[in-house]
Amino acid sequence: MSMLKDDKQVIIFDTTLRDGEQALPSSLSVKQKLQIALCLEQLGVDIIEAGFPISSPGDFEAVRTIGREVKNSVICGLSRCVEKDIDAVAESLKDVTDHYRIHTFIATSDIHVQDKLKKSFDDIVEMAVRSVRHARNYCDDVEFSCEDAGRTPIDHLCRMVESAIAAGATTINIPDTVGYTLPYEFGGIIETLFNRVPNIDKAVISVHCHNDLGMATANSVTALQHGARQIECAVNGLGERAGNCALEEVAMIIRTRSSYLNGLYTNVVAENIARASQMVAGICGEPVPPHKAIVGANAFAHSSGIHQDGVLKNRSTYEIITPESIGIKENNLHMTARSGRHMIKACLDKLGYKEGTYDLNEIYQRFLSLADKKGQVFDYDLEALLFFSNSEEEETQFTLEKMNVLSGGKDLIPTASVAIKIGKRTKVESGTGNGPVDAVFNCITRLTGIRCELTKYNITAKGSGMNAQGQVDVDVMYNGRQYHGKGLSTDVIEASALALIHACNSIYRAQIIEQEKKEEQETK
Ligand code: KIV
Ligand code: ZN
């Protein structure tokens with residue numbers, strides 16, 4: 001039973017909740033898995049491998065719950081070639097959804113067959129055939145995987161694939177379980193299967209590539225060029241060891257290079273990729289590296305002056321896909337010491353400052369010294385350069401003087417006292433919160449009178465061992481504009497306070513600028 005609409009469709013089989021979850025230090029709750037599954041459904045994933053029901057009651061319950069709640073993706077459960085595993089998948093899904101998939105697997109490479117399973121290859125073929133037949137008693141959609149296919153002798157692989165199809169498997173998955181093969185080699189395996197297995201047209205050929213040599217995505221795409229029509233992948237490339245093929249990479253390769261790939265397409269809703277990536281990273285506690293293809297924070301950031309100049313003239317000079325196409329709306333041109341005059345002028349244009357009302361050379365020199373000190377410069381920093389002199393720029397309205405925090409223990413209400421110097425006076429506030437950082441933030445809000453909405457909070461360790469400092473970065477929204485604050489301390493709560501006060505100082509300056517602009521307008 002195939003879900004392919006035509007020979008150009010590529011089925012996206014997501015294994016974030018199975019292979020991806022397997023690699024996490026601790027398992028996800030049923031609720032967390034359901035949240036991810038609903039997000040995958042919105043992403044347009046065709047099949048969600050929701051878990052391995054025999055492995056634990058939690059996995060069983062997760063597969064069952066996801067089967068009940070998700071309507072537009074087919075839900076699949078994994079099983080070894082063991083009857084009770086297959087029964088567990090069927091048990092978890094048969095009463096909750098009318099179309100589900102049983103995915104059963106057994107290893108086929110010599111090293112796995114002989115050293116791990118301690119069986120003959122004939123035994124393995126028999127177990128696979130028996131299991132596929134057993135699974136077909138429950139449902140029409142049965143996938144069979146030859147674990148470690150990448151290292152399986154080709155004659156064995158052809159024989160196993162032919163036998164599994166004859167037994168009723170509707171999808172045959174060829175995993176490169178240990179990420180060993182190279183694209184040309186892996187493509188050759190798929191091509192040989194199409195040439196040598198007589199009943200190959202009765203099943204969809206799938207691939208499941210691991211990333212041990214960094215080849216997972218390349219191998220998957222090469223397999224498509226040789227006739228595979230299902231890709232097994234995971235959001236952010238999560239999975240055992242170095243991970244699986246990354247869903248976002250394969251989806252965007254197929255979309256961006258469709259004509260090179262003879263019109264292949266998927267059902268992935270690309271605009272939901274960024275959201276899915278962030279949700280999976282957050283729930284799994286596995287941050288996305290900044291340079292990660294497609295979804296990394298720097299994937300669309302242009303830093304050098306030459307690149308920024310090119311992008312301002314025509315985005316396609318350095319962007320083969322737009323951030324909007326995966327659902328990112330943020331500004332992707334970061335102002336740093338590498339930015340050129342053109343970039344600064346473009347940012348001031350966007351803020352509404354016409355050329356001629358300021359001296360670009362002077363502003364640019366001051367921008368460079370600020371960028372050297374600060375790293376990234378934001379639009380409100382640039383605006384402040386127009387309104388404040390160098391010495392005024394150094395002044396801050398709010399400075400943290402002292403703070404005291406009580407937290408920890410289930411009987412203690414997190415409480416903070418904070419003293420801030422505001423102009424020339426020191427003011428003190430005390431308050432509670434849902435945690436120590438919240439208690440401190442509540443005090444700062446009352447002291448500064450700036451009620452902003454916290455939209456991002458991030459802690460990173462700077463340095464290592466006992467000398468490490470916590471760097472806290474916050475993004476806050478105030479009057480429809482985003483502000484950033486950074487704080488560094490060996491105490492992460494103090495770093496949090498410094499970050500929020502930093503953002504409040506920028507907001508305070510922006511308010512002065514707004515007032516001056518208003519007065520200027522009125523006197524015109
Ligand atoms: O990597 C692998 O071989 C697997 C199978 C269970 C498909 O994850
Ligand atoms: Zn795997």
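For reference, positions follow the sequence shown, starting with 1. Just follow the structure's listing: the first ligand is 1, and inside any ligand the first atom is 1. All heavy atoms count here, side chains included; hydrogens, waters and symmetry mates do not.
Within the listing of ligand 1, atoms 1 (O) sit less than 4.0 angstrom from a heavy atom of H210. Of all the atoms in ligand 1, the ones that sit under 4.0 Å from a non-hydrogen atom of S145 are 7 (C). Listed by number with element, the atoms of ligand 1 under 4.0 Å from a non-hydrogen atom of E147 are 3 (O). Shown in contact with D19 at under 4.0 Å from a heavy atom are these atoms of ligand 1, numbered in order with element: 8 (O).
Within 6.0 Å of the CD1 atom in I111, the count of heavy atoms belonging to other residues, nucleotides or ligands does not exceed 12. Residue I154 qualifies as enclosed at atom CD1: its count of foreign heavy atoms under 6.0 Å is above 12. More than 12 heavy-atom neighbours from other residues, nucleotides or ligands sit within 6.0 angstrom of NZ on K71.
Proximity of R18 to ligand 1 is established by a heavy-atom distance of less than 4.0 Å.
Taking the six-membered ring where tryptophan is involved, the planes of H134 and Y138 are perpendicular, since the angle between them exceeds 60° and thus also 30°. Ring geometry for H307 against Y318 counts as parallel: the plane angle stays under 30°, on a 0 to 90° scale with 60° as the upper cut.
Take the Zn ion (ligand 2) as the corner point: the lines to OD2 of D19 and to NE2 of H210 open at 100°, to the nearest 10 degrees.
Residue, atom and distance of the protein heavy atom nearest to atom 3 (O) of ligand 1 are T177 OG1, 2.6 Å. When only non-hydrogen protein atoms are considered, atom 4 (C) of ligand 1 lies nearest to H208 NE2, 3.5 Å.
For D14 and T16, the side-chain atoms include at least one donor-acceptor pair closer than 3.5 Å.
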